[in-house]
Amino acid sequence: MPYDSPIVCILPYICAMENKKVRVRFAPSPTGGLHLGGVRTVLFNYLFAKQHGGDFIVRIEDTDQTRFVAGAEAYIFDTLAWCGLQPDESVLHGGPYAPYRQSERKPLYRQYAEQLVQQGLAYYAFDTADALEAKRKEIPNFQYNHQYRNQLHNSVALDAATTQQLIDNGTPYVIRILMPENEEIVFTDLIRGEVRFNSSQVDDKVLLKADGMPTYHLAVVVDDYLMKISHAFRGEEWLPSSPIHILLWKYLFGLEAMPKWAHLPLILKPDGNGKLSKRDGDRLGFPVFAMDWTDPRTNEPAIGFRERGFLPQAFVNMLAMLGWNSGQEQEIFSLPELIAQFSLERVHKGGAKFDYEKAKWFNAEWIKKLPAAELLPLVKPILIDAGLTIANDDYVEKVIDLVKERCTLLQDFVTQAGFFFQAPTQPDTAAIQPKWDAKKQAFFEQWLAVLPSTEWNAEALEQQFKALATELGCKPGELMLPFRIMLVGGKFGPHVFDIAAMLGSEAVSSRIQNTMQLL
RNA sequence: GGAGCGUUGGUCAAGGGGUUAAGACACCUCCCUUUCACGGAGGAAUCACGGGUUCGAUUCCCGUACGCUCUACCA
């Protein structure tokens with residue numbers, strides 16, 4: 001369809017009219033490190049929001065106090081900052097709908113649950129955890145639903161006076177949604193199209209816990225409403241519980257106000273099937289979290305993409321291509337390009353297996369693409385960590401330019417560029433020894449003599465090197481490898497004469513002499 | 001078990017009633033490079049299965065299989 005087609009032109013206006021401001025949210029619970037799947041959910045939310053000039057909100061869903069992990073929340077924000085996916089509103093960034101932490105919003109939720117009870121759409125349930133546990137053992141596939149709720153300890157089964165008495169006595173209770181029997185619940189998922197459920201298949205989920213905290217089901221709906229969320233994107237694992245949320249919207253705020261849903265495909269483990277987990281990374285030797293994370297409860301460390309030597313641009317780029325593509329052949333995208341081209345319609349329905357090799361390829365591409373000046377602040381500390389002494393930044397920048405096309409991870413700069421800062425301690429003499437002879441020895445001795453008076457640039461050096469070789473009856477080619485080993489220590493690196501030019505006369509001379517002593 | 005969702009090479013994937021079924025990663029061969037990479041040129045490799053509909057299905061419909069997710073006072 002041509003771009004100037006009237007239908008295409010009108011579409012955005014219709015959307016704009018019906019949707020007012022685009023507002024999306026990422027709603028993690030602070031229970032651990034942010035893994036690939038989480039960051040990709042953030043990314044798709046972010047891209048969609050920015051493309052539509054909307055807001056990206058981060059709301060902390062910490063309604064389960066038993067699973068709270070210290071440091072997890074800060075880690076989430078650090079990850080977002082590293083990725084360049086900054087929220088417009090959050091615990092950290094503030095905003096007009098604060099607080100953005102659900103534990104601090106606790107008093108808000110009860111009234112909605114109570115309202116539903118008044119309307120007969122929810123009820124009090126007094127069953128203890130043990131009682132339910134016993135039920136589940138007794139009845140296979142037990143569900144708290146229309147079939148069994150009359151036999152259980154709740155305000156539907158009990159008369160009003162008994163219920164009131166239990167409450168007055170301080171008996172702990174939860175509020176459960178009363179799922180209607182045999183009602184079709186249909187909604188349109190932006191990725192999957194029309195999805196339908198029968199209400200009988202969903203059980204009476206707890207809305208408000210005994211401690212007064214809402215469960216996820218109540219909290220998302222209430223907060224999405226209060227925070228004026230226009231589009232709700234989350235992982236596919238939420239699809240089966242969406243009928244609860246739809247019903248809650250219908251009961252509480254009306255379906256017209258409900259955000260548009262999109263359930264994102266999962267990121268799968270590389271071998272076999274199933275959701276990618278930290279375990280898979282440990283097992284297969286690649287990171288799963290964005291950054292290093294140590295679980296404070298177990299002290300178990302997990303390596304992150306950042307510490308593994310990934311560029312945030314590459315990490316984000318790689319994630320975007322897992323489940324989405326532009327339809328064009330382009331694979332390398334900057335964040336602004338992704339914002340411009342992202343479209344929900346092109347998000348895959350099926351899960352994608354994570355491929356670490358391809359992830360590394362994205363990183364190599366980004367290392368090649370970025371100018372040395374931009375790489376410098378990332379590479380320099382890695383070189384210093386490796387024990388190298390760095391005199392000046394200009395030199396490092398030139399070195400980066402010379403070797404970056406052979407680096408896949410940032411750490412590769414240590415091996416690829418280390419010899420620019422430190423003479424090889426153990427040159428690979430075995431590589432030259434077998435063919436070493438008096439003629440070669442003579443050549444290098446002579447060359448050492450003329451070196452100080454040589455014009456110091458790669459071209460001149462190469463010319464002189466070859467001229468001298470010919471003069472002494474040597475094949476220049478046979479001298480290149482020994483020369484490389486002397487300067488680099490091994491069979492790798494950029495063109496020898498580029499290296500020599502960078503190192504300078506003094507270093508080149510001393511490295512030749514050092515290696516010759518070992519032969 | 002139930003429900004929902006999914007299924008194009010080993011992986012990411014384009015495509016979509018008639019095509020030699022794009023491209024990328026990985027793999028293999030060659031070229032470039034007297035190193036290692038980068039780069040370039042080639043190669044091998046795919047529509048889960050069975051029925052329909054159709055002149056013609058990888059594409060549409062229905063089944064089947066397989067996989068995944070959910071089935072907590074967790075998110």
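The chains referred to below are lettered A, B, ... by the order of the sequence lines, with proteins before strands, and numbering in each begins at 1. Everything numeric here is computed off the predicted structure, so don't read it as measured data.
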5' precedence on RNA chain B between A:Arg196 and A:Gly490 (nearest-nucleotide basis):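 Result: A:Arg196.
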A:Val174 or A:Leu322, whichever maps to the more 5' nucleotide of RNA chain B: A:Leu322
Interatomic distance where CD belongs to A:Gln416 and C1' belongs to B:C36 [whole Å]: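 Computing the A:Gln416:CD to B:C36:C1' distance gives 7 Å.
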Pair A:Thr66, A:Asp64: side-chain N/O donor-acceptor within cut-off below 3.5 Å: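 Per modelled atom types, A:Thr66 and A:Asp64 side chains form a pair under 3.5 Å.
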Check: A:Asp127/A:Tyr144 side-chain N/O donor and acceptor closer than 3.5 Å: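 Present: a donor and an acceptor within the cut-off.
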Under the 3.5 Å Watson-Crick or G-U criterion, the dot-bracket string of RNA chain B, with | for inter-strand pairs: (((((((..(((.....[....))).(((((.......)))))....(((((..]....))))))))))))....
Polar pair under 3.5 Å, donor/acceptor by atom type, side chain A:Lys358, base B:A24: yes
No-H, no-angle donor-acceptor pair, A:Arg406 side chain to B:C38 base, under 3.5 Å: no
On a whole-Å scale, what distance lies between the [atom1] atoms belonging to [N] and [M]?
N     : M     : atom1 : answer
B:C25 : B:U19 : C1'   : 25 Å
B:U54 : B:C49 : P     : 23 Å
B:G18 : B:C60 : C1'   : 15 Å

A:Leu338, A:Leu47, A:Leu311, A:Val39 screened by side chain to side chain contact (heavy atoms under 4.5 Å, CB included) with A:Val316, the one that passes: A:Leu338
A:Gln65: side chain to side chain contact (heavy atoms under 4.5 Å, CB included) partners, not counting sequence neighbours: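 Result, side chain to side chain contact (heavy atoms under 4.5 Å, CB included) vs A:Gln65: A:Asp211, A:Met213.
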Near-ring test A:Trp249/A:Phe187, centroid separation under 6.0 angstrom: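 No, they do not, as the ring centres are separated by 6.0 Å or more.
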Minimum-distance nucleotide (side-chain atoms of A:Glu329 versus B:C5, B:U35, B:G23):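 Looking only at side-chain atoms, A:Glu329 lies closest to B:G23.
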Salt-bridge criterion met for A:Lys491 and A:Asp428 (N-O under 4.0 Å): no
